[in-house]
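Each remark here refers to the structure printed beneath this line.
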Amino acid sequence: MRKVFFGLAVVQLVAVLAQFYLATFGAFERPYPAPGDPGAAIGYHAMNGTMVIPLVSLVTAIAALAARAGGRTAGLAIVPFVLVAVQLFVIFPLAELAGASETATTTAGLFVLGFHALDGVAILAAAVVLVRRAHALTKSTAAVPAHAAA
Amino acid sequence: MTTARLIALDQILFVLVAAAWAATAGFALTGLRQPAAAGRRTRLIAAASCAAAIVVTALRVAVTAGLAGAGWWFVAEKVTLALPLVVVPALVSAAVSLPRLLRGTATGSPSDFPAGIPADIPAGIPAGSARIVAFPLLVTAYGAVAGIACAVVISYPVTAGGAAAVLALFAVASAATWRLLGPARSPRHAWQAAGTCVLALALALTIGGGWPSGHLHSEHDAGGHDAGGRGVSVDLLRGPAPAAAGGPAGARERIRRFTLTAQPATVRLPSGGAAEAWSFNGQVPGPVLRVRQGDLVEVVLRNRLPVRESAEQAGTGQGVTIHWHGYDVPAAEDGVPGVTQDAVWPGQTHVYRFRAEDAGTYWYHSHQNSSVAVPRGLFGLLVVDPATPVPESEDHVLALHTFGSRPTLSVDGAAPSDLLTHLPLPPGARTRLRVVNTDTQPVVLGLSGAPYRIAAVDGGDVPGATDLDGARLHLAAGGRYDLTFTVPSGPVLLTAGNRPALLVNGPATPPPAAGPVVDITRYGTPAALPARFDRFDRETTWVLDKTLAVSGGLPRLAQTVNGKAWPNIPTPVVRQGETVRIRVVNRGTDTHPMHPHGHHVRILSRNGVPATGLPMDTFDVAPGEVWEVALVADNPGVWMSHCHDLAHAAQGMEFHLAYEGVTTPYDMTNGNHPA
């Protein structure tokens, strides 16, 4: 189970790294797509961010619990899920409250939207630490087989 | 505070509530694992966090109460599901966990350690109360997270499937936690717990996502597609043929024939930018079709767009149709692929025919892959001049369109310009500017330098239009305003967004209009509504939102109507001659220019404030707004109703309005793609 957990943690890290790649993959599309254009290249970033990362985070947290990795590690596994919720339901609404819309931004709105990237960095940090912990757990299984059987 | 702001605040609060309860549970678990003395500080932090969580939860209840004032549609899932799931366990936490965290001295035996916690904990810690102290906190945290899930999965109305999905996840997580907090068990139990969780997750996603059961575009129970061959086919609801228009009056009938050929073209902007476009007759926008009231209009559409290599059958290459935006043509001439015709593929032609009975400003555009085709240039303007001319010496049509990121203006069908366009007009002339927003986003217009009137909205004259001075106008995507003014001796400036777009008589430029934005629903004299609107034969509600729904065959965050995305939105069915009251509620955070085909609607009220009753065909429903509009079912057919932010339509916000007994032989096969 710890190997499964480790595998899922790696999948999560890959999804988060892909998210950074997809952000710039979409950012430089020219001509600019219309706001919300379903064919826009930035759509892959939105899709991965709203669907794949939260789902993988949820499954990884369940796997962490099943692997008896401890509440803290399971909590860390769910952090990307929570931080995605922060992106969707805190940062974007705050930007709207600051006057940003689909077609126009305000200085205050841009100030808020800048935190979109920092929140992404926090997700990346959580994913990296989780992979290291999950890796350490697979090592400890080998070292202390009695523990796993306990 | 406006409803839109309350919606945004609520979104922030439900994440804060979840974060606060999760943090409280985390601190409490940590504190319980530590020795009594060392853990005292952590447990006090947990107690403080618990108090903060109670405060933000109370705030969320207050915001929900505020939203309830705007209508039940905005709070249904919060009142029935999201808030009970967090408030009830929060009360238990406040009564049970909080006092114990503050005292924090319970003790238990090491065998009571929660199973999820490594066994390398020093003895003598107060783990015995783990279930009593931590369980209510964790369950509250799950309830708070379920509140986030509610916002993503459930719209209005609250569906049994969505509620069951959220409740199932909540119950499974709570039950698993109860077991994990108990005495340590063998790893097999952990495996079983994990397996149960994953199964429950899959089940919840399956139910909540509402996977489509049938084939695409199947949900037309009555009056929809191919109802067993019964009823009238939409194909029979054609415009008048010239041959049939014989007889004494028909002999003098004016027939106006146009050919529109869809073909590639390059748009070159004066600023130096260029864009590859799809055009009608090599022009972007397409030719201005100007006809007179009473004319029979016949338009031959030819598709000369490129065919993909090795493509020989229909459904490859770029299909085209022509939809007459705002013109209530007979159903078969409406130009919606898969509903009133098949898309016209490269090499094919199609003829549209309708009588120009209503004077006014309209436009036409392709409805095949419209979210791609319209921004790329497959549109043009249609003007029907009144049979008796109005006393205006100058009359100009203005198309606002964004190419790539560049907003442009085209005057009288000329090439679009992204720089300031100059229009010299004789001082003293009574002038009409027909402004058409062909973009997928609203635009704020300003006219400065002369008092002006909104003479017509969406083609229809405004009764009792009054002079405006410095006021600005919000024009919906797809909407039209006819602005009239007498040309002064000085210059007049039209701004679109923040961009100076048109300068009448220069060279000096007046400062842009900066006045308040006119509430179009209250402009002009209140119209006496027809007596038939005293009571309505049918009422229907469209609740617009962005939630998880199946769109394009996959569950995704879609633009939804009543919680469903195209093609799964149930079809409102009406009978010919009925009056229908439509309530449009925007629960989401995007503006939706709603556009019912084939009919103009009368605006009855906005946010409960009575309107003047103007007829419109595209009206902008902003976040948090509730519009009431009235429709007379006087044009039988199977019609499309959709958001004219065409990207939203492509993401699910489109559905039908069907007449009883009318069927269509077309569907979404053969490459038809109306959004």
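Just so it is clear, the model here is predicted, and its values are computed rather than measured. Numbers restart at 1 for each chain; the letters A, B, ... are given by sequence-line order, proteins then strands.
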Val152(B) vs Phe89(A), side chain to side chain contact (heavy atoms under 4.5 Å, CB included): CA-CA, chis, key distance, verdict:
CA-CA 10 Å; Val152(B) 177; Phe89(A) 302 116; 3.4 Å; yes
Structural part of [X] lying under 4.5 Å from a heavy atom of chain A:
X	answer
Val145(B)	side chain
Thr402(B)	neither
Phe14(B)	side chain
Val443(B)	neither

Within the 4.5 Å heavy-atom criterion, are Leu97(A) and Ile12(B) side-chain neighbours or not?
yes
Check whether any side-chain heavy atom of Gln11(B) lies under 4.5 Å from a side-chain heavy atom of Val90(A), and answer yes or no.
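The answer is no; the side chains never approach within 4.5 Å.
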Quick one: of Leu94(A), Val82(A), Ile62(A), Val59(A), who has the most non-hydrogen atom pairs under 4.5 Å with chain B?
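Top option by heavy-atom pairs under 4.5 Å: Ile62(A).
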Relative to chain B, which of Arg30(A), Arg72(A), Met51(A) shows the most heavy atom pairs under 4.5 Å?
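Looking at each of Arg30(A), Arg72(A), Met51(A) in turn, Met51(A) comes out on top.
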In short, Ala8(B) meets Pro93(A) closest at the heavy-atom pair O-CB, 3.6 Å
For Phe20(A), is the CZ atom crowded, meaning more than 12 foreign heavy atoms sit under 6.0 Å from it?
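Buried by this count: over 12 neighbours within 6.0 Å.
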Residue Arg5(B) excluded, over 12 heavy atoms near CZ under 6.0 Å
no
What part of Phe92(A) lies closer than 4.5 angstrom to a heavy atom of chain B: side chain, backbone, both or neither?
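Contact with chain B: none, neither part.
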Could you tell me which of Thr591(B), Leu557(B), Ile148(B), Thr589(B) has the largest number of non-hydrogen atom pairs under 4.5 Å with chain A?
Thr589(B)
